[in-house]
Amino acid sequence: MDLSAGIETVKGVGPKTAEILKRVNLRTVGDLLYCLPRVYENYQTTVNIEDLRPGKVIIRGKISDLHVVRTSRKRLTLTQGVIRDETGAVRTVWFNQPYRAKQFDEKREYYFTGKYELKSGRYQLTSPSATLVQDVNNGTAATFQPIYSAKSAIKPQMFHKLLENLRPEFAKIPDLLPFTDGKPLFVKPRARAEALYNSHFPETPDDAEKGRDYLAYEELFELILAAKLNKQENQRLRAESLKFNAKFTQAVVKHLPFALTGAQRRATWEILQDLEKNVPMNRLLQGDVGSGKTIVAALAAAQATLNGHQTALLAPTAILATQHFESLQTLFAGLQKAFLREFGKKIRLPRIALLTGATKNKRMLKTAIKAGQIDLIIGTHALITDDTGFKSLAFCIIDEQHRFGVGQRQKLLLKSPDNTAPHLLAMTATPIPRSLQLTLFGDLDVSILNELPPGRQPITTKILAETEQRDELYPKMRELLAKKQQIYWICQVIEEKNSGTATPVKKQVKKLQNLFPQVKVDMLHGKMKPEEKDAIMARFAANRIQILVSTTVVEVGVNVPNANMIVIQDAENYGLAQLHQLRGRVGRGDQPASCFLLTTGEGRPSKRLREMEKSTDGFYLAEVDLKIRGPGEIYGSQQHGELNLQVANLNDTTLMAQASHHAGNFAKDPAALKDYPELSSRIKKYQQLTTLN
Ligand code: ADP
Ligand code: MG
């Protein structure tokens, strides 16, 4: 069977169907074969409604009383109904799926699969998937069935039908992976054909699992091989060698307003070594919030400047870019003064500029950048637009790199002069678990700041029900304000009308201003104009605002060391990584800091919040997060949505080690790839998606 044959060659696919399939990127026979079931349903495990227990359940029954409810939250609709079998009835709810109200025939029986849980004091079946009982029993495997996701206009039944048409041909699916170094566990002749067959037509849960095991291995092998090849290719690119001037760096470090931590020294040293090479650096600087990544980047940028080349620093928000600009300006000016005093002459430090959407005179600034009159240009997405050109961009720093997509990073990296690639330093406070480092980021070198600057006080974290605010929280706020310190107050939404149950920023500003008339309360949110945001942030940094009520626009990077309390309202609505980032806004100075996680007080606080209360260690929390959500969720949407990892479990270190070993051996002779054309084209795709250069 030719997997690259067009989708229209599949029996049952007419021109119209082909058109629809192509729209969701199903272009070839292979695409269809790799359109794997989302889950498997074991209808033998159906339970009676009277026997329901919380958790994932399958029930068989008829549905009635369907109706759609619009909630006060602007875009949220609820579709409610009642499912009945002989033993009882249960309420069911779908969110934002109004079509559900018209989907069902009340006279027919369906299998409903979903989560049975307690919500607002009542038990319900949440967002179940549904299949006509008749459809299941007509299938060949009556009670154990693959379930496909609907893709736009294509119904799951369509996949069943098309795959059924292909079924006789499965035996002819060619092998994909090379049989190098003996026989890796999952790679034997016809392994792929069997695995795909088992995935689409399993008779038992065991079949399905066996199929998935091989396919997971295949995915991991491809990913790891792509990463290894990227690394090899990266080694072949040429970058400017930025000579390390030890005397200069030592002098700069000596005149900094603080002593570097050991971790900062190590990381700086690793980076400066890399910059000297004439192959592009590809390094991730990973350090928890507040660990002092910026200064490390600044020292590296100074080395680039000294070598006569330009550096670009890309930040995800204008607030952050502005703050970097201001703090580096202060830093370099301070250094310059110190040098003048000590040696009676100036040294060559970066001339810096800020480029954001709000920058006036963009044209003039861009001309100056192009002419090489700016050494370090700090900016947001405005930096990567097509009309921003450099004279000699040799070094790119990407702050909070997880905020950027692959395409955005590549656009910046392409701005270096022809035939060279810039050195890349990506910075993040969101630790990349080891498992992902091996695969997606296998071509990255990593420096870790595992030490906070000295004098940092611990951040105390406390979960608090809103009803306890008056007694527990306000007195602490008063105390802190009396010490002339400042407070962040985080709300989820801006205005009442889209707020649902969450408290909006505007309302909270009024409330807090009434409660604390002696201080200035103000707000910050994403809908404000960039200049307004900058102005508010500047006033907060100057302590002319004492309580800043804000949405999560302050989430990343913002640094106001005098702010020592953060209150996160409706804390249950945030993810663990986000809560940790938000909390990282405080405890950046030498005063004790606190974080309050406000909840509505209904039910027991979630595991996320309890973990937040227990630990301030970002690496630990990232592992917890990975366990709670899985890597797909964390890294899926932002950067690797395109990767479309279907089966691989990036937590499976044993499988990963095997695949890594196998891929490593194969990568020793990349020319061999040409004997594997299908593998080769799949790897190419992965390479493009995972590479940074
Ligand atoms: P992050 O790693 O979260 O980006 P920053 O680079 O914003 O952290 O640094 C946080 C704060 O710590 C800044 O105010 C910075 O000036 C300060 N800082 C950085 N390194 C040190 C150090 N070695 N000693 C004292 N303060 C430091
Ligand atoms: Mg930062």
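Whatever order the structure lists them in is the order used to number ligands and atoms, beginning at 1. This chain uses plain numbering: 1 for the first residue, then up along the sequence.
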If you count the atoms of ligand 1 from 1 in the order shown, which ones are under 4.0 Å from a heavy atom of Thr294?
-> 4 (O), 5 (P), 6 (O), 7 (O)
Could you tell me whether the side chains of Gln486 and Asn562 share a donor-acceptor contact shorter than 3.5 Å?
-> yes
In terms of ring plane angle, is the pair His423 and Phe395 parallel, tilted or perpendicular, where the classes change at 30° and 60°?
-> perpendicular
Pairing residues for Glu326 by the side-chain contact (heavy atoms from CB on, under 4.5 Å) criterion, not counting sequence neighbours = Thr322
Report yes or no: does Gly287 have a heavy atom closer than 4.0 Å to ligand 1?
-> no
So which bit of Leu260 gets within less than 4.0 Å of ligand 1, heavy atoms only: side chain, backbone, both or neither?
-> backbone
Side chain, backbone, both or neither: the part of Met427 lying under 4.0 Å from ligand 1 by heavy atom = neither
Which of the ligand 1 atoms, numbered from 1, are nearer than 4.0 Å to a heavy atom of Gly290 = 1 (P), 2 (O), 3 (O), 8 (O)
Go through the side-chain N and O atoms of Arg583 and Thr461 and say whether any donor and acceptor fall under 3.5 Å apart.
-> yes
Can you tell me if Gln492 and Tyr574 form a side-chain donor-acceptor pair at under 3.5 Å?
-> no
Residue Pro453 vicinity, atoms of ligand 1 by number, heavy atom under 4.0 Å | 20 (N), 21 (C), 22 (C), 24 (N), 25 (C), 26 (N), 27 (C)
For ligand 1, is Ala429 a contact, meaning one of its heavy atoms is under 4.0 Å away?
-> no
Looking at CE of Met537 and CD1 of Ile545, how far apart are the two atoms once the value is rounded to the nearest 0.5 Å?
-> 9.0 Å
Going by the order shown, which atoms of ligand 1 are within less than 4.0 Å of some heavy atom of Thr261?
-> 23 (N)
Contact (N/O only, under 3.5 Å) between Gly292 and ligand 1 = yes
N/O of Ala259 under 3.5 Å from N/O of ligand 1, yes or no?
-> yes
Between the side chains of Glu572 and Ser606, does any donor sit under 3.5 Å from an acceptor?
-> yes
Heavy-atom proximity to atom 17 (C) of ligand 1 ranks first, among Arg588, Arg456, Gln581, for Arg456
Go through ligand 1 atom by atom and flag the ones less than 4.0 Å from a non-hydrogen atom of Val289.
-> 3 (O)
Step by step, work out the side chain to side chain donor-acceptor pair (under 3.5 Å) result for Ser241 and Lys243.
-> CA-CA 6 Å; Ser241 154; Lys243 287 281 172 284; 2.7 Å; yes
